[in-house]
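I'd like to ask some things about the structure below.
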Amino acid sequence: DAGVIQSPRHEVTEMGQEVTLRCKPISGHNSLFWYRQTMMRGLELLIYFNNNVPIDDSGMPEDRFSAKMPNASFSTLKIQPSEPRDSAVYFCASSFSGGYTDTQYFGPGTRLTVL
Amino acid sequence: AQSVTQLDSQVPVFEEAPVELRCNYSSSVSVYLFWYVQYPNQGLQLLLKYLSGSTLVESINGFEAEFNKSQTSFHLRKPSVHISDTAEYFCAVSPIDSSYKLIFGSGTRLLVRP
């Protein structure tokens, strides 16, 4: 299995630009998670999808952030407009069903730098 | 609400020495407990987890952790470390009432020196 795939691996953009991060979960997994990792706040859950439906988006910082999962094999996290404080590593993870017995498998992350 | 505290941001240790990485948590509900490892430029990987039963859990590469409910701790130990164990280690909890959610500590960087 290829594991969770994220693209791009690195993104450098200027303040005010739109940024789209992409994730392909492991085939057969029904749950998908987006996390953000920063030095100040550590690892935070942004949003959780189950069967392509957003279940918990309480971690999404503000309206500039949006996430979609149009089908079981693809998800996007969009930031519009981007700001320097959005600079972080964004991880996507997937699991079989989201339950406590299921391991979350993390992708390699996208390192976002907003200038 | 839940929180996880990893007091040691970095732990340097010599190869073949024992190591303990500390983790304490607070929660108003019962939790499941996890340790994840992150190697440079990679995503997190599950190292071990405590769901129920025996309070001592082991991983396949020699790490173990013990759940101590009275002290609300889940410290990670290895009796003899290798250079390849150099990585960042994250303790996490998951509340039983929303078990999809992982709340992570700030991480401990284990640096194994020859």
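Here is the naming used below: chain letters follow the sequence lines, and residue numbers restart at 1 for every chain.
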Straight-line distance of Gln37(A) CD to Ser106(B) OG, nearest 0.5 Å
11.0 Å

Can you tell which part of Arg9(A) gets under 4.5 Å to a heavy atom of chain B, answering side chain, backbone, both or neither?
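Only the side chain of Arg9(A) comes within 4.5 Å of chain B.
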
If you count heavy atoms of other groups shown closer than 6.0 angstrom to CZ of Phe74(A), is the number above 12?
yes

Can you check whether Ile103(B) reaches Glu44(A) side chain to side chain, under 4.5 Å on heavy atoms?
no

Which answer fits Gln45(B), side chain, backbone, both or neither, if we ask what part of it has an atom under 4.5 Å from a heavy atom of chain A?
neither

Between Leu102(B) and chain A, with a heavy-atom cut-off of 4.5 Å, which part of the residue counts as in contact: side chain, backbone, both or neither?
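Its backbone and side chain both get close to chain A.
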
Hits for side-chain hydrogen bond (donor to acceptor under 3.5 Å, both in side chains) against Glu62(A), two or more places apart or cross-chain, chain-then-number order -> Arg64(A), Arg85(A)

If hydrophobic clusters are built by linking Ile, Leu, Val, Met, Phe, Trp and Tyr wherever their side-chain heavy atoms come under 4.5 Å apart, do Val53(A) and Tyr100(B) end up in the same one?
yes

So with a 6.0 Å cut-off around CG of Asp63(A), is the heavy-atom count from everything else above 12?
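No, the 6.0 Å shell around CG holds no more than 12 heavy atoms from other groups.
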
What I'd like to find out is whether the side chain of Phe33(A) reaches to under 4.5 Å of the side chain of Lys101(B), using heavy atoms alone.
no

Contact part of Gln104(A) toward chain B, heavy-atom cut-off under 4.5 Å: side chain, backbone, both or neither?
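Contact with chain B: backbone and side chain both.
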
Reported CD1-to-OG distance for the pair Ile55(A) and Ser98(B), which is rounded to 0.5 angstrom:
12.5 Å

Check whether Leu44(B) gets within reach of chain A through its side chain, its backbone, both or neither, counting any heavy atom under 4.5 Å.
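Contact with chain A is through both the backbone and side chain of Leu44(B).
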
Just wondering, more than 12 heavy atoms not from Asn71(A) lying within 6.0 Å of its CG?
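Buried by this count: over 12 neighbours within 6.0 Å.
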
Is the OH atom of Tyr105(A) crowded by more than 12 outside heavy atoms at less than 6.0 Å?
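12 or below, so no.
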
Toward chain B, the part of Leu45(A) with a non-hydrogen atom under 4.5 Å
side chain

Would you say the side chain of Gln42(B) lies within less than 4.5 Å of the side chain of Phe106(A), judging by non-hydrogen atoms?
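No, side chains not in contact.
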
Do other residues, nucleotides or ligands put more than 12 heavy atoms under 6.0 Å from Glu14(A) CD?
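No.
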
With a cut-off of 6.0 Å (strictly less than), are more than 12 heavy atoms of other residues, nucleotides or ligands near CG of Leu115(A)?
yes

Taking Leu51(B), Asn41(B), Leu46(B) one by one, which has the highest count of heavy-atom pairs under 4.5 Å against chain A?
Leu51(B)

